[in-house]
Amino acid sequence: WIGAPSGIVEFQADEMTVRCGAGNSVSELQQVLAESRQFVNLPDSTNGTIGGALAAGVSGLHTLGRGSIRDTLLEVKLVDHEGRLVKAGGPTVKNVSGFDLCRLFVGSYGVLGFAHEFVLRTRPLPVTQRWFMAEVPTAEELRDVQVSFFRPSSLLWNGQRAWICLAGHPRDIDEQIAAAKKLWLWLKADSFLAGFCQALYGVKPGETKEVEVKFPADFPQTPLRGQTGRYQVTLLELKERHVPDIDESLCQEHYKISL
């Protein structure tokens with residue numbers, strides 16, 4: 001049985017590069033790098049190898065914030081069809097010229113040769129990473145959600161809900177969430193635009209009503225501060241909230257008392 005070499009050959013934390021064997025597992029590499037508060041942009045895997053991840057070329061859920069997996073590979077050594085050891089790329093971009101075989105290797109499924117060794121670009125490990133969910137029924141609202149944050153790590157959407165991942169310092173994440181809540185026009189009782197929900201009382205599904213709202217003086221977008229806006233709002237659907245009957249079983253379950 002012949003396999004790709006494994007092990008971490010060299011890790012330069014100050015240069016943010018790591019040289020490792022193609023047969024090394026992704027999880028083992030991430031554990032070593034985490035000790036220096038760094039990581040490599042490879043899909044999370046419990047038993048997958050670095051060579052397999054690069055040969056498949058699947059970027060993962062965090063492509064929006066981290067970029068493509070192709071940007072991770074700086075240098076590759078492989079054995080071609082004639083048995084020669086071929087090197088492409090280099091540990092620093094300024095020392096590389098000619099055709100970028102590294103990017104061609106990523107996603108090639110081993111067509112160019114058998115992977116031997118890689119030099120990968122590392123990244124700072126964020127202090128924290130948090131996921132948030134919001135009801136986003138349209139693509140237009142999804143774009144509004146994306147631009148409300150500074151470089152989100154990931155944004156997923158199933159047509160009704162959006163999941164967004166923010167990575168960084170906890171204080172920065174809290175400030176982004178606080179600012180986004182002021183920007184999103186959610187139809188909720190705690191909407192920052194006073195009178196918006198009240199103006200829709202009595203409107204039936206399918207009806208359109210002009211709603212006038214006043215932007216607060218501390219609105220994040222300066223040109224809109226203190227201005228009055230008029231919106232043509234069409235009520236598409238009205239959902240009624242079911243309130244359970246108040247009986248002894250409900251009280252015992254939620255309030256731990258007996259009638």
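None of the values given here were measured: they were computed from a predicted structure.
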Novice: Taking distance alone, no hydrogens or angles, what donor-acceptor pairs closer than 3.5 Å link side-chain atoms of residues 105-120 to residues at least two apart or in another chain?
Specialist:
{"unit_1": "Ser108", "atom_1": "OG", "unit_2": "Phe105", "atom_2": "O", "d": "2.6"}
{"unit_1": "Glu117", "atom_1": "OE2", "unit_2": "Arg19", "atom_2": "NH1", "d": "3.0"}

Novice: Please lay out, stage by stage, how Glu212 and Thr228 fare under the test side chain to side chain contact (heavy atoms under 4.5 Å, CB included).
Specialist: CA-CA 7 Å; Glu212 181 177 305; Thr228 300; 3.4 Å; yes

Novice: Would you say the side-chain atoms of Glu207 pair up with the backbone N or O of Lys204, donor to acceptor, closer than 3.5 Å?
Specialist: yes

Novice: For a quick test of reading the model, state the closest non-hydrogen atom pair linking Gln12 to Glu10 and the distance between them.
Specialist: NE2-OE2, 2.6 Å

Novice: Can you give me the closest heavy-atom contact between Ile173 and Gly168, atom names plus distance?
Specialist: CD1-N, 4.0 Å

Novice: Provide the closest heavy-atom pair for Gly206 versus Thr234 in the form atom of the first, atom of the second, distance.
Specialist: O-CG2, 4.3 Å

Novice: Under 4.5 Å between side-chain heavy atoms, hopping through other hydrophobics if needed: is there a path connecting Ile50 to Val32?
Specialist: yes

Novice: In the structure I gave you, are the side-chain heavy atoms of Leu236 and Pro205 within less than 4.5 Å of one another anywhere?
Specialist: no

Novice: How long is the straight-line distance from CD1 of Ile164 back to CH2 of Trp131, given to the nearest 0.5 Å?
Specialist: 9.0 Å

Novice: Applying the 4.5 Å side-chain criterion to the ILVMFWY set and letting contacts propagate, would Ile8 and Leu42 be lumped into a single cluster?
Specialist: yes

Novice: Taking Leu125 as the starting point, is it possible to reach Phe11 by hopping between hydrophobic residues whose side chains are less than 4.5 Å apart?
Specialist: no

Novice: List the atom of Leu101, the atom of Ala88, and the distance in Å for their closest heavy-atom pair.
Specialist: CB-CB, 3.5 Å

Novice: Report yes if the side chains of Pro124 and Gln38 come closer than 4.5 Å at any heavy-atom pair, otherwise no.
Specialist: no

Novice: Quick one: do Leu142 and Leu155 satisfy side chain to side chain contact (heavy atoms under 4.5 Å, CB included)? Show the steps, please.
Specialist: CA-CA 9 Å; Leu142 181 66; Leu155 179 60; 4.0 Å; yes

Novice: Does any non-hydrogen side-chain atom of Ser25 lie less than 4.5 Å from one of Thr49?
Specialist: no

Novice: Check whether Ser36 reaches the backbone of Leu33 with its side chain - one donor and one acceptor, N or O, closer than 3.5 Å.
Specialist: no

Novice: Between the main-chain N or O of Gly89 and the side-chain N or O of Lys87, is there a donor-acceptor pair closer than 3.5 Å?
Specialist: yes

Novice: Mind checking side-chain contact (heavy atoms from CB on, under 4.5 Å) for Asp174 and listing every partner two or more places apart, or none if nothing turns up?
Specialist: Arg130

Novice: Can you see which heavy atom on Ser59 is nearest to which on Ile69, and at what distance?
Specialist: OG-N, 3.2 Å

Novice: Does one hydrophobic cluster hold both Val76 and Val86, with members joined at side-chain heavy-atom distances below 4.5 Å?
Specialist: yes

Novice: Please round to the nearest 0.5 Å and tell me the distance separating atom OG of Ser153 and atom CG of Leu61.
Specialist: 9.0 Å

Novice: Regarding His62 and Ser154, is there a side-chain donor-to-acceptor distance under 3.5 Å anywhere?
Specialist: no

Novice: How about Gln146 and Leu64: do any of their side-chain heavy atoms sit closer than 4.5 Å?
Specialist: yes

Novice: Using every non-hydrogen atom in the two residues, find where Ala53 and Val26 come nearest and quote the distance to one decimal.
Specialist: CB-CG2, 4.5 Å

Novice: Tell me whether Met16 shares a hydrophobic cluster with Leu54, the cluster being built from Ile, Leu, Val, Met, Phe, Trp, Tyr side chains joined at under 4.5 Å.
Specialist: no

Novice: Begin from the C-alpha positions of Thr122 and Thr17 and carry the test side chain to side chain contact (heavy atoms under 4.5 Å, CB included) through to its verdict.
Specialist: CA-CA 6 Å; Thr122 65; Thr17 59; 5.9 Å; no

Novice: So, are Arg103 and Asp71 salt-bridged, with charged N and O less than 4.0 Å apart?
Specialist: yes

Novice: Within this structure, what is the CZ-CD distance for the pair Arg121 and Glu15, rounded to the nearest 0.5 Å?
Specialist: 12.0 Å

Novice: Check side-chain contact (heavy atoms from CB on, under 4.5 Å) between Arg161 and all other residues, then give those that pass, not counting sequence neighbours.
Specialist: Met133, Glu135, Asn158, Trp163

Novice: Quick one: are Arg66 and Phe39 in side-chain contact, heavy atoms under 4.5 Å?
Specialist: yes

Novice: From Thr138 OG1 over to Gln160 CD, what is the distance, rounded to the nearest 0.5 angstrom?
Specialist: 9.5 Å

Novice: Could you give the distance from NE2 (His169) to CZ (Arg171), rounded to the nearest 0.5 Å?
Specialist: 6.0 Å

Novice: Judged by atom type as modelled, is there a donor-acceptor pair below 3.5 Å linking the side chain of Arg70 to the main-chain atoms of Gly57?
Specialist: no

Novice: Do the side-chain N and O atoms of Gln30 and Glu28 include a donor-acceptor pair separated by under 3.5 angstrom?
Specialist: no

Novice: Surrounding CZ of Arg37 (heavy atoms of other residues, nucleotides or ligands, distance under 6.0 Å), is the total greater than 12?
Specialist: yes

Novice: Distance from Glu210 atom CD to Arg230 atom CZ, nearest 0.5 Å?
Specialist: 6.0 Å

Novice: Are any non-hydrogen side-chain atoms of Thr208 and Val233 less than 4.5 angstrom apart?
Specialist: no

